[in-house]
Amino acid sequence: MFTQLLAQATSDIASQLWNQQVAPASIQIEKTPSHFEGDVTIVVFPFVKMARLKPEDTAQAIGAALAEKISGIDRFNVVKGFLNITFTPAFWLSQMSEAAPVAEYSRPEGNDAKTIVLEYSSPNTNKPLHLGHIRNNLLGWSLAEVYKAAGHNVIKANLINDRGIHICKTMVAYNMWGNNETPESAGVKGDHLIGKYYVLFDKANKEEAAELGIEKPEDGDTPLMKDARAMLRDWEKGEPHVMALWNKLNSWVIDGFNDTYARLGVDFDKVYRESETYLSGKDIVQKGLAEGHLQQDPDGSVWIDLTDEGLDRKILLRSDGTTVYMTQDIGTAVARHNDFGADKMVYVVGNEQIYHFDVLKKTLKRLGYDWADNILHYSYGMVELPEGKMKSREGTVVDADDLLDEMKQTAADISKEAGKAQDLPAVEQDRLHEMIGQGALKYFILRVDPKKNMLFNPSESIDFNGNTGPFIQYTHARICSVLNKGSEAGIAVDALKWFADAELKPQEKELLYQLLTLPQMTEKAANNESPAVVANYSFELAQMFNSMYQEISILREPDETLRNNRLLLAKRTAETLKFAMGLLGVGMPEKM
RNA sequence: GGUCUCGUAGCUCAGCUGGAUAGAGCAGCAGCCUUCUAAGCUGCGGGUCGUGGGUUCGAAUCCCGCCGGGAUCACCA
């Protein structure tokens, strides 16, 4: 974009006038605020010292030199250390025709393209997905798209946690109360059926604990917990009847997950099962012990001592020689690094596991794997309800499938009330409502800073007006409608007419500027690893468009060149919105 | 207690690699649909950017202290 040109020219001027090297990337160039005259502003305070001039004179000197170098500069003015530059109409108009098509931003030529393995979702197979999982899935998928848009190669991975005490609990409950119930016979998704038995187990276990006076039902010695632990031992031995049940229940859950993934438009290049990887890491730890990086206690357990790095002593192998969570993560990280030659490994996991990943990275480094520095724990905040954290056991969760249904229904209600899209076939309307409902949900979740906890208030539900996904979808549909009406009336968009010498309105310059910053925006989103950047950019763009063309007419403009410029801007806006929101997984309807 | 993190309008959030008068949306009030989609637009009211210092031409943004919320520190995952 032209700001890079401007930065380069300014850098050259600094070296000519004051013999100082200034990196073009470090020069601050911004859109001029609307209450000052000018199109873009260069902040010249950093040059004041080298110029040995007052800020005003420094800006004046740079401005004069720039005006000589760049013919597109019409005039400039100086306010304190701010150099405000105004370009000629012809210069502005040339920018659009020189800009690369939006489609090309999706795969820029990146010479620093990295191979990134990005793990996300990673659910437990004992209960259905809830709103917290949705945040994980959307962030993970969208982050992968953002990386791709910045030119990286991404491998999306999912490690399904299909083994352990939690699934044994549901197996015990199913054996006791299941009566051969299946998802088909119960008429529910497999993950919901399994979730029912998990809750049943927990409830019954609490009752047993209360009767027996056991304090902690979780790790206490209730008969039910003993059964569950016995089943886990049988599973590890590979007892056929246990394996059969385990396979059956897991396949139900995973089928259910896959339905939800498909509905959300979330996918994976590689799916791992913890049952296949849970033994990994043991040999690595034993090797590390032999090499003297680790310690062994008298009872045989193996530890790493990270107290000198501000952490604690952590166990890596139990006294019976079995692995723990950390051991498995060491094993899978090494395998993943070797399998994919990954430059970077990203784990999308909630912020309650910051400590765990801190230990993982430091342990890997201690074991001699220097690439541990390339591990990023992409930790996101939790979704809170007005009454506090979501807790599966207390039933204070927002179920993912229910929420998706509700969003779709709300979209349908609003659409019907407004009398929109009534002429579409029922199937199309259904698809539209799904797209809008999901647009509202995805935008709601992705527009906030991933690091922060976010609040979801079910009683107020998610908005469809204002700074929302549907607003951006609406803007896109409106533009499509204008373009369609135009072509019906024989007014086609002609890219060549753009060169005509017609002044752009200030708002149109702002819109054009925003459109031209798309590549910088995707780069920023990738560097900050934040889909929220994309969401906020899209909203600003849509808002600018709506605001401007509420009053100004596009198709009824009598001047052919002006009309064509507006059509071009409109078309470009629609393409940009579709591309940007695509990074968030939000579909853009042509009608709504 | 140690470590990490968050605190911006009544509410939900932007802005944070320091820049000009701190922005949106929702909620409230007042307007705008025989004219390209009103899921929209325009206007009004609403702020000691938790607090006290420091760094400098300049701090919501960087550093330190304090106050308040959250997370975490298992032979669980």
Side-chain angles (χ1 to χ4, degrees), chain A residues 26 28 30 32-33 35-36 41 43 45-46 48-49 54-55 79-82 84 122 124 161 163-166 218-219 274 278 297 299-303 310-312 314-320 322 324-326 328-329 350-356 358-359 379 381-382 384 388-389 411 414-415 417-418 420-421 436 440 444 447-449 451-457 460 463-475 477-486 489 491 527-528 532-533 535-536 539-540 543 546-557 566-567 570 591-592:
Chain A
S26 69
Q28 291 179 64
E30 300 154 5
T32 305
H35 46 275
F36 292 100
T41 296
V43 183
F45 286 104
V48 168
K49 219 176 277 176
K54 286 189 291 182
V79 181
K80 292 191 283 186
F82 300 97
N84 301 322
S122 302
N124 286 350
N161 204 339
R163 166 218 88 88
I165 193 72
H166 56 83
E218 271 315 290
D219 42 24
E274 198 198 290
Y278 81 105
D297 276 7
D299 64 2
S301 55
V302 178
W303 301 73
L311 302 177
D312 304 276
K314 298 293 295 186
I315 193 160
L316 297 179
L317 287 178
R318 295 193 186 96
S319 49
D320 62 6
T322 55
V324 294
Y325 180 38
M326 187 66 70
Q328 296 156 33
D329 266 3
N351 62 11
E352 71 272 14
Q353 294 201 35
I354 288 175
Y355 184 80
H356 170 81
D358 212 5
V359 171
S379 75
M382 35 198 56
E384 288 171 344
K389 277 187 70 172
I414 293 173
S415 178
E417 200 177 319
K420 297 280 187 89
I436 296 169
F444 175 82
R447 67 176 264 251
V448 314
D449 185 338
K451 290 195 299 290
K452 293 185 183 176
N453 288 354
M454 64 182 295
L455 185 83
F456 176 78
N457 190 338
E460 289 174 8
D463 230 314
F464 284 68
N465 298 315
N467 188 352
T468 65
F471 167 70
I472 297 168
Q473 291 172 319
Y474 160 80
T475 307
R478 207 188 127 196
I479 295 171
C480 289
S481 170
V482 170
L483 294 174
N484 286 335
K485 289 232 164 81
I491 307 169
N527 289 342
N528 294 8
V533 170
N536 290 318
F539 175 67
E540 276 177 41
Q543 203 179 31
N546 261 315
S547 168
M548 174 169 29
Y549 294 116
Q550 185 81 18
E551 303 294 328
I552 303 171
S553 169
I554 296 174
L555 293 175
R556 279 188 299 277
E557 170 60 48
R566 288 177 194 166
L567 279 168
K591 222 178 205 192
M592 69 181 273

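Just so you know, these numbers use all the heavy atoms, side chains as well, and skip hydrogens, waters and symmetry mates. Proteins get letters first, then strands, A, B, ... in listed order; numbering begins at 1 in each.
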ask   = Would A/F471 count as stacked on B/A39 if the rule is ring centres under 5.5 Å and plane angle under 30°?
value =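 Answer is no, no stack.
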Using whole Å, what does the distance between atom [atom2] of nucleotide [N] and atom [atom1] of [X] come to?
| X | N | atom1 | atom2 | answer |
| --- | --- | --- | --- | --- |
| A/Y549 | B/C32 | OH | P | 26 Å |
| A/N465 | B/C41 | CG | P | 10 Å |
| A/E352 | B/U3 | CD | P | 21 Å |
| A/F36 | B/G19 | CZ | P | 15 Å |
| A/D449 | B/G15 | CG | C1' | 11 Å |
| A/D320 | B/C76 | CG | P | 9 Å |
| A/I552 | B/C41 | CD1 | P | 14 Å |
| A/F82 | B/G58 | CZ | C1' | 8 Å |

Scan [X] against the nucleic acid and name what it touches under 4.0 Å (heavy atoms): base, sugar-phosphate only, or nothing.
| X | result |
| --- | --- |
| A/Y355 | sugar-phosphate |
| A/H166 | nothing |
| A/V43 | base |
| A/N484 | nothing |
| A/E551 | sugar-phosphate |
| A/I554 | base |
| A/Q353 | base |
| A/M454 | sugar-phosphate |
| A/I436 | base |

When you measure from the side-chain N and O atoms of [X] to the phosphate of [N], is any distance below 4.0 Å, counting only OP1 and OP2?
| X | N | answer |
| --- | --- | --- |
| A/K591 | B/U37 | no |
| A/K314 | B/C75 | no |
| A/S547 | B/U42 | yes |
| A/Q543 | B/G23 | no |
| A/K485 | B/U37 | yes |
| A/R318 | B/A77 | yes |

Look at the side chain of [X] and decide which nucleotide, out of [options], has an atom nearest to it.
| X | options | result |
| --- | --- | --- |
| A/N546 | B/C41, B/A77, B/A39 | B/C41 |
| A/F45 | B/A77, B/C6, B/G19 | B/G19 |
| A/V448 | B/G7, B/C13, B/C36 | B/C13 |
| A/R556 | B/C75, B/U35, B/A38 | B/U35 |

message = For a quick test of reading the model, state the closest non-hydrogen atom pair linking A/Q550 to A/R478 and the distance between them.
response = N-NH2, 4.0 Å
inquiry  = So, under a plain 3.5 Å distance rule, would you say the side chain of A/T41 forms a donor-acceptor pair with the base of B/A20?
reply    =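 By the distance-only test, yes, there is a pair.
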ask   = Looking only at N and O atoms, is any donor in the side chain of A/K420 or the base of B/U37 less than 3.5 Å from an acceptor on the other one?
value = yes
query = Closer to the 5' end of RNA chain B via nearest nucleotide, is it A/Q550 or A/R478?
reply = A/R478
key: Residue whose closest nucleotide on RNA chain B lies nearer the 5' end, A/T475 versus A/G164   = A/T475
When the [atom1] atoms of [N] and [M] are considered, how many whole Å apart are they?
| N | M | atom1 | answer |
| --- | --- | --- | --- |
| B/U34 | B/G28 | C1' | 32 Å |
| B/U17 | B/C63 | C1' | 16 Å |
| B/A24 | B/G54 | P | 33 Å |
| B/G65 | B/G1 | P | 15 Å |
| B/G23 | B/G45 | P | 14 Å |
| B/A60 | B/U21 | C1' | 15 Å |
| B/A59 | B/A22 | C1' | 12 Å |
| B/A9 | B/U5 | C1' | 24 Å |

Between [X] (side chain) and [Y] (backbone), is there a donor-acceptor pair under 3.5 Å?
| X | Y | result |
| --- | --- | --- |
| A/N453 | A/M382 | yes |
| A/S415 | A/K420 | yes |
| A/R566 | A/S553 | yes |
| A/N536 | A/A532 | yes |

Considering Watson-Crick and G-U wobble pairs with both distances under 3.5 Å, what does [N] pair with?
| N | result |
| --- | --- |
| B/C4 | B/G70 |
| B/A38 | none |
| B/C16 | none |
| B/U51 | B/G65 |
| B/C29 | B/G43 |

ask   = Where does B/C63 land, syn or anti, given syn is within 90° of 0?
value =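 You should classify B/C63 as anti.
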Carboxylate-amine/guanidinium contact A/D320 A/R318, below 4.0 Å = no
message = What I'd like to find out is whether the side chain of A/L316 reaches to under 4.5 Å of the side chain of A/M326, using heavy atoms alone.
response =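 In short, these two side chains touch, coming nearer than 4.5 Å.
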key: A/F82 vs A/V43 side-chain heavy atoms within contact, under 4.5 Å   = yes
message = Before you tell me yes or no, could you show the steps for A/T475 and A/N546 under side chain to side chain donor-acceptor pair (under 3.5 Å), namely the whole-Å CA-CA distance, both residues' side-chain angles and the distance that decides it to 0.1 Å?
response = CA-CA 7 Å; A/T475 307; A/N546 261 315; 2.7 Å; yes
